[in-house]
Amino acid sequence: MAVASQQSLIARLRELNRLSSGQKLGLMLGLAAAIALITGAWIWSQTPDYRVLYSNLSDRDGGAIINSLQQMNVPYKMAEGGGAILVAASQVYDVRLRLASQGLPKGSVVGFELMEAQKLGTSQFLEQVNYQRGLEGELTRSIQSLSAVQGARVHLAIPRASVFTREQQKPSASVLVSLHPGRELDKGQVSGIIHLVSSSVPNLPIKNVTVIDQNGNLLSASSEGKENAGLDPSQLEYLRQVEQSFVKRIENILSPITGIDNVRAQVAAELDFSQTEQTAETFKPNPTPPLAAIRSQQSSESGGAGQVAGGVPGALSNQPPGAAIAPVTAPAAATAAAVTAQPPGGSGYRESTVNYELDKTIQHVKLPVGGVKRLSVAVVVNFKKTVEKDGKISVKPLSAAEMAQISNLVKEAMGYRQQRGDTLNVVNAPFNAVVETVPAVPLWKDPGMIALAKEIAKNLLIAAVVFFLVFGVLRPLLKELSTPPPRPAVQAEAEGVSGARPARAGYEEQLTVAKQMAKQEPKIVAGVVKEWIGGNE
């Protein structure tokens, strides 16, 4: 067999030697093309799928990221005119985390790092400008950290300080936010941005902060205009908490009676968020003097035993003055009593004044914010399920007594007050059993299967292209090129004689080997001949 294969190979090489120079060149080019095609297909199958690492980068961040990727030996590509950097899909998240640890990308916003490169001899004006730029950059970075904000710009107008109080001006700020597609900022988020900027700049009032979006819509004005028109986010959240608290109370107290998932409750609460302070000053009737507290007391006395009556002649002037009686009147702050009496000797007088404290009450009351003004409660209870003797489940409505019991329990749980206008509606109705089945994700929608299918399709496409090019194009071409031209008759006869001679030489060689074996191992040769003779019989 080895001799035959060698002879076949020698014959094919002889046939190739008979090819023309053009056929030999074409055959070599075909073989080179086949090898290049197979090698390219293998390299293409091994090439990783590139994904976007970062896009819309500034030149500064792009250069820093490429430098870091080269140091980490991570292959990358550039796309979109250099505006995006691509890496292998399996390394996207790993590379992002490693770059984030290096503080990349920093973005085009410059913060307080400007103050780190101050040169000697920098003027005070330039220092102030760099500080303002750094403050604007830091505020921009803080605003961009919001999930709904894609980009931001902050402009600060900080006036120069003046020693005169009347000439001092308050700083102002303008904020431009670029939102992600389909996202918007609510009033609470706009108010948060305003307070963030106001708290970061000294003496910057909230009213001097203006916020607009990328479409030119003024967001700060709508927030300020509606500040007193409705509830702020904290009040709305508190309202939801109060309503859910009442719902939970009602369901918890009814679940042991009706069973789990057999009761539904909804509460609409009306809360009072007004801030009210009351101051009351009340006066009670004055108590009797023995029971009243003395505020002040004053007495005076004058007179003498040896005084001689004198004065203008006449009857009136010669008579002593009578006892003066002062009216007991209460001023605004106290009750006073004045008594004037004449001493026993008939000369002089005694005067006494007593002021009593008023019975006054001052009461200052600050009413709590968020008090409940009114509650509206709706409760739906499922029909009662009972098991019959035959094992079947029957559904029956609740009786009037059971409904009255449930209504009373709900009233106690919600703190029902008819005076404030609370309403309660309890309904007994059958529940429609809704079984929520989560549909299984189809096989063709599974991300893992999709990735696997893409990889298999890619490899099959490569194999099909290679198979077609090799067996459909290159093989017929190589077969045609490798076919030698027809041989002349004389040459064919010569090759036939030369072929017979090797065959004769081979027979002689085999006969010589058989003779030598008969001489050396006659028993084996006799056994072989015996088997031949026995087989012929």
(message) Taking the side chain as everything from C-beta on, heavy atoms only, tell me whether L156 gets closer than 4.5 Å to V154.
(response) yes

Show the atom names and distances, to 0.1 Å, of all donor-acceptor pairs under 3.5 Å that link a side chain in residues 411-418 to residues at least two apart or in another chain.
| residue | atom | partner | partner atom | Å |
| --- | --- | --- | --- | --- |
| Y416 | OH | D422 | O | 3.4 |

(request) Count the heavy atoms belonging to other residues, nucleotides or ligands that lie under 6.0 Å from CD of Q70, then report whether that count exceeds 12. (result) yes

(message) I'd like to know if the side chain of S220 reaches the main chain of V211, judged simply by a donor and an acceptor atom lying under 3.5 Å from each other, with no hydrogens or angles considered.
(response) yes

(request) Determine yes or no for a side-chain-to-main-chain donor-acceptor pair under 3.5 angstrom, with N252 supplying the side chain and K248 the backbone. (result) yes

(message) So for atom CD, which belongs to Q169, do other residues, nucleotides or ligands contribute more than 12 heavy atoms lying within a distance under 6.0 Å?
(response) no

(request) Could you tell me whether the side chain of S198 and the main chain of I194 form a donor-acceptor pair under 3.5 Å? (result) no

(request) Mark yes or no for whether N215, through its side chain, and N217, through its backbone, hold a donor-acceptor pair below 3.5 Å. (result) no

(message) For R141, is there an ion pair with E138 - N to carboxylate O distance below 4.0 angstrom?
(response) yes

(message) Just verifying a value: how many Å separate H195 NE2 and I206 CD1, rounded to the nearest 0.5 Å?
(response) 3.5 Å

(message) Strictly below 4.0 Å, N to O, side chains only: are E237 and R240 in salt-bridge contact?
(response) yes

(message) Are the side chains of V381 and V427 in contact, using a 4.5 Å heavy-atom criterion?
(response) no

(request) May I ask you to check whether over 12 heavy atoms, not counting those of I393, lie within 6.0 Å of atom CD1? (result) no

(message) Taking the side chain as everything from C-beta on, heavy atoms only, tell me whether M78 gets closer than 4.5 Å to I85.
(response) yes

(message) Are the side chains of F125 and Q128 in contact, using a 4.5 Å heavy-atom criterion?
(response) no

(request) Nearest 0.5 Å please: distance from the CD atom of E127 over to the CG atom of N130. (result) 8.0 Å

(message) Main chain of E136, side chain of T140: is a donor-acceptor contact present, judged purely on distance under 3.5 Å?
(response) yes

(request) Side-chain contact test, heavy atoms from C-beta onward, threshold under 4.5 Å: evaluate it for Y238 versus F273 and give yes or no. (result) yes

(request) Look only at the side chain of S101 and the backbone of R98, and say whether a donor-acceptor pair between them is shorter than 3.5 Å. (result) yes

(request) Please step through side chain to side chain contact (heavy atoms under 4.5 Å, CB included) for the pair L409 and I257, ending with a clear verdict. (result) CA-CA 11 Å; L409 289 176; I257 301 175; 3.4 Å; yes

(message) Between I212 and V175, does the side chain to side chain contact (heavy atoms under 4.5 Å, CB included) criterion hold? Intermediate values first, please.
(response) CA-CA 6 Å; I212 63 174; V175 181; over 6 Å; no

(message) Within the structure provided, determine whether Y76 and L86 are in side-chain contact (heavy-atom separation under 4.5 Å).
(response) no

(request) Drop me the distance from I250's CD1 to I253's CD1, to the nearest 0.5 angstrom. (result) 9.5 Å

(message) Any side-chain to backbone donor/acceptor pair from S191 onto K187? Under 3.5 Å, distance only.
(response) no

(message) I'd like to know whether S178 forms a side chain to side chain contact (heavy atoms under 4.5 Å, CB included) with V149, so could you lay out the CA-CA distance, the side-chain angles of the two residues, the decisive distance to 0.1 Å, and finally the verdict.
(response) CA-CA 6 Å; S178 298; V149 178; over 6 Å; no

(message) Looking at every heavy atom in both Q214 and L179, which two are closest together, and how far apart are they?
(response) OE1-N, 3.1 Å

(request) Identify the two heavy atoms, one from Q150 and one from P181, that lie closest to each other, and give their separation to 0.1 Å. (result) OE1-CD, 4.5 Å

(request) Over all heavy atoms of both residues, which pair between P202 and S200 is shortest? Give the atoms and the distance, please. (result) CD-O, 4.0 Å

(message) What I'd like to find out is whether the side chain of R183 reaches to under 4.5 Å of the side chain of S147, using heavy atoms alone.
(response) yes

Under 3.5 Å, which donor-acceptor pairs link side chains of residues 363-380 to any protein atom two or more places apart or in another chain?
| residue | atom | partner | partner atom | Å |
| --- | --- | --- | --- | --- |
| H364 | ND1 | T279 | OG1 | 2.8 |
| R374 | NE | G421 | O | 2.9 |
| R374 | NH1 | S376 | OG | 3.1 |
| S376 | OG | T423 | OG1 | 3.3 |

(request) Find out whether N428 and F383 are in side-chain contact, i.e. whether some heavy atom of one side chain is under 4.5 Å from a heavy atom of the other. (result) yes

(request) Take Q235 and L239 through the test side chain to side chain contact (heavy atoms under 4.5 Å, CB included) and record every step on the way to the result. (result) CA-CA 6 Å; Q235 293 175 347; L239 177 61; over 6 Å; no

(request) Enter the distance from I158:CD1 to L135:CG here, rounded to the nearest 0.5 Å. (result) 6.0 Å

(request) Decide if atom CZ of R420 counts as having more than 12 heavy atoms of other residues, nucleotides or ligands within a radius under 6.0 Å. (result) yes

Please report, to 0.1 Å, the donor-acceptor pairs under 3.5 Å made by any side chain of residues 260-267, with sequence neighbours excluded.
| residue | atom | partner | partner atom | Å |
| --- | --- | --- | --- | --- |
| N262 | OD1 | N382 | ND2 | 3.2 |
| N262 | ND2 | T258 | O | 2.7 |

(request) Any chance you could measure R51, atom CZ, to Y93, atom OH, to the nearest 0.5 Å? (result) 8.0 Å

(message) For the CG atom of L139 and the CD1 atom of I193, what is their distance to the nearest 0.5 Å?
(response) 11.0 Å

